[in-house]
Amino acid sequence: MNAVDALKRLLVGRKLASAQMSETLLPKRIALPVFASDALSSVAYAPDEILLTLSLAGMAGFAFSWKIGLAVACVMLVVVLSYRQTVHAYPSGGGDYEVATVNLGPNAGLTVASALLVDYVLTVAVSVSSGIQNAEAMLPFIRGHEGWIAAIVVLVLMLLNLRGVKESGTLFSIPTYCFMVGIIGMTLWGLFQIFVLGNQLRAPTADWQVVGVDPQYTAMTGFAMVALLARAFSSGCAALTGVEAISNGVPAFKEPKSHNAATTLALLGGIAVTMLLGIIVLSNQLKVHLIDDHGGSYYLLPDGTQRHEQASTAVGQLASTVFADFRPAFYFVIIATMVILFLAANTAFNGFPVLGSILARDGYLPKQLHSRGDRLAYSNGIVLLAFAAAGLVLIFDASVTALIQLYVVGVFVSFTVSQTGMLRHWTRHLRTENDPARRATMQRSRVINAIGLTMTGVVLVVVLISKFTHGAYLAIIAMAAVFGVMKLVRHHYQKVSEETRIQSNSDRVLPSRIRNVVFVHQLNKPTLRALMFAKAARVSALEAVTVSTDDDETHRLMEDWDRADLGIRLRVLASPYRELTGPFIEYVRGLRSANPRDVVNVFIPEFVVGHWWEQFLHNQTALLIRTRLHFMSGVMVTSVPYQLRSSRERFSQEDPLAWRSEVEHEAAQQSEAAQQSGASER
């Protein structure tokens, strides 16, 4: 084991074989923190965003916080009920993407996928940024360095998730349950002191007046009031993000998968609503006042001075007041909140790679995202998500208020399209179902999804109208860009598949002769060795070798190979850890060890592309194999180029005469093949 491998094993742990997949499945007690940490943790910043938005109207706005909280809780419960139908109907893990694709078509599926991919990146950015913001209540020295600290936290989370879903879930479950105990315990103890003990609890900002500077909001009348309440409601709907992650992660649950996923969804809905309403009610009782310093509102202190700097978060103020006489409990709540907000990104680290793998399988993203890593996690997707989120927190300097404006749009796009797909799903099945009991179940599910569609559709419209000019347009542009890129990648793969498909005997024409050309600069040992290799190029044995990383794909390859009747043996190398290069390199090394005097000539087919960006989609495995074989004594590597149409078109522009000669040569080969085929039939 070299130094790089040793470091990798230290960071991500020992390799897991494909046969160990069952060991990574999650029981409900671990699945809840793994898939629901985002939705649960959002109760730490969703109340803040409601209060921040209402502060634009001054003190009058805070009276509406509990009403908005009830509206958000109602939407969450309906969405949870709707997704319980989804996990039963589509337990394969495609979630909203699969529902939309099957019932509404590929474009609808891509719309959902692009919205979710963008939203997962924002989930990581918002969660980590909010954790940094809450940490400032206990660690004020990090103020001014939020962006870089958030980026470092994202990279640490990436390393933890590279260790695998179950291992990271076990690690993350303790802080998640601590957060639940801390928030619910703080709420119950605070309300007990107020209503049973009669204590007059007041938050640090209770005596600070909030002054709104925008007259259209401070009046709280007419259209201005509706617009402000709509904007506050849409900000509070950030509490719903992450609900869809369970429908994407059903395959990670233990059997019975769909039942366990539905139970986890119900637990998520009940706990999240309880904590959200608890924080809002307690904030009203303690008179927690927050200001949107970006929107222009400010504090008017009792001595008449103005303060334009934001105070501590709602959870920070509540914990310091409720546990004023017991500081360990205050630190417990703050630390648990900070950690859960960091770990809430874990939901996205589980959802994004799985969705990326499904999209890669369908040809909408690079194939590398479909491969599992050493720990049976989709490592490439995890790394891609981490770097995208780290870049985002650096651009926005980990500002939750700025990022939250981009956040909710994507998730409600996926909610609305998914519920539309589920409505069509039940309608289609009801046409053919005759069993009365099953029809009754389907009709009940259709009613639930119809209510979910109505509610999420209304919320989507509210979010788009109220947040469009405040940054939501950036999220829409990002979704459109991701949608376009996926369409282009799919188009490219389809063109390559069509272009490389075996269609006639002309594809089997042998070259008339083979010429070995050795470039000579000096007559020395390397030149002499190259000349000897060229002279020894007489084939003694010929075989084809493939590495099995996916049983289904290998089975299809073997069937295609048998049908083609090429007369060449196909050797299949097992790869329990899904490596392509390692088993093949070891096989070649074994050939050399068994016959040290033999020369092994490895032929590697490669695509020749005409555009630089196409290179990222092809030849990565060939590059790795070729690079490693170059260091092996007695092994030659022959790249067998196949010019794709894009490269031939580019070549024709640079050298038209050579292009015409190439076309004529290809036509001659096809003619010769046709003549040979006719002669054999006669």
Side-chain angles (χ1 to χ4, degrees), residues 366-368 371 492-493 495-497 499-502 506-521 526-547 549 557 561 564 566 568-571 573 579-592 598-652 654-655 658-659 661-663 665-666 669:
K367 300 293 185 183
Q368 295 91 328
S371 304
H492 171 78
Y493 279 133
K495 283 203 311 181
V496 171
S497 177
E499 192 177 340
T500 57
R501 184 179 293 117
I502 299 175
S506 63
D507 296 315
R508 304 192 187 191
V509 175
L510 295 174
S512 57
R513 56 183 175 176
I514 299 175
R515 294 182 177 180
N516 290 335
V517 178
V518 179
F519 174 75
V520 178
H521 180 62
T527 302
L528 187 60
R529 174 167 293 184
L531 289 168
M532 295 302 102
F533 279 174
K535 289 178 64 177
R538 296 187 298 271
V539 177
S540 302
L542 176 62
E543 65 176 345
V545 178
T546 185
V547 180
T549 59
L557 173 61
W561 191 271
L566 298 172
I568 301 173
R569 177 189 179 190
L570 175 64
R571 180 182 294 274
L573 303 180
E579 292 179 282
L580 276 174
T581 58
F584 185 79
I585 297 298
E586 289 303 316
Y587 177 73
V588 175
R589 183 177 285 114
L591 292 178
R592 285 286 300 144
D598 288 356
V599 173
V600 179
N601 192 359
V602 179
F603 290 83
I604 302 177
E606 296 186 44
F607 291 143
V608 179
V609 298
H611 307 288
W612 64 268
W613 55 267
E614 291 178 297
Q615 191 63 43
F616 293 100
L617 304 176
H618 303 288
N619 299 332
Q620 304 306 311
T621 301
L623 176 63
L624 291 173
I625 292 176
R626 189 169 65 246
T627 301
R628 294 187 64 179
L629 288 178
H630 280 163
F631 292 91
M632 195 177 296
S633 175
V635 175
M636 291 195 304
V637 183
T638 302
S639 295
V640 184
Y642 184 91
Q643 289 79 18
L644 295 176
R645 186 171 292 109
S646 61
S647 67
R648 296 204 295 265
E649 290 173 353
R650 181 174 178 180
F651 181 58
S652 69
E654 295 177 355
D655 193 349
W659 165 252
S661 175
E662 179 74 14
V663 171
H665 176 68
E666 201 167 301
Q669 281 190 329

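This one's a predicted model, so the numbers in the text were calculated from it and none came from an experiment.
- Smallest separation of non-hydrogen atoms from S646 and G610: OG-N, 3.2 Å.
- Y587 is not listed as a side-chain neighbour of V547, based on a closest heavy-atom distance of 4.5 Å or more.
- Interatomic distance, CG of L617 versus CD of Q368, reported as 7.5 Å (0.5 Å rounding).
- Checked by atom type and distance alone, the side chain of R592 never pairs as donor or acceptor with a backbone atom of V600 at under 3.5 Å.
- In this structure, W613 and H492 have side chains that are in contact, with non-hydrogen atoms separated by less than 4.5 Å.
- The backbone N or O of Y493 sits nowhere less than 3.5 Å from a side-chain atom of S497 that would complete a donor-acceptor pair.
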Derivation of the side-chain contact (heavy atoms from CB on, under 4.5 Å) call for W561 and T546: CA-CA 11 Å; W561 191 271; T546 185; over 6 Å; no
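- Within the model, atoms CG of L624 and CG of L580 stand 9.0 Å from one another, a figure rounded to the nearest 0.5 Å.
- For R589, the side chain to side chain contact (heavy atoms under 4.5 Å, CB included) partners at least two apart in sequence or on another chain are I585, E586, S593, M632.
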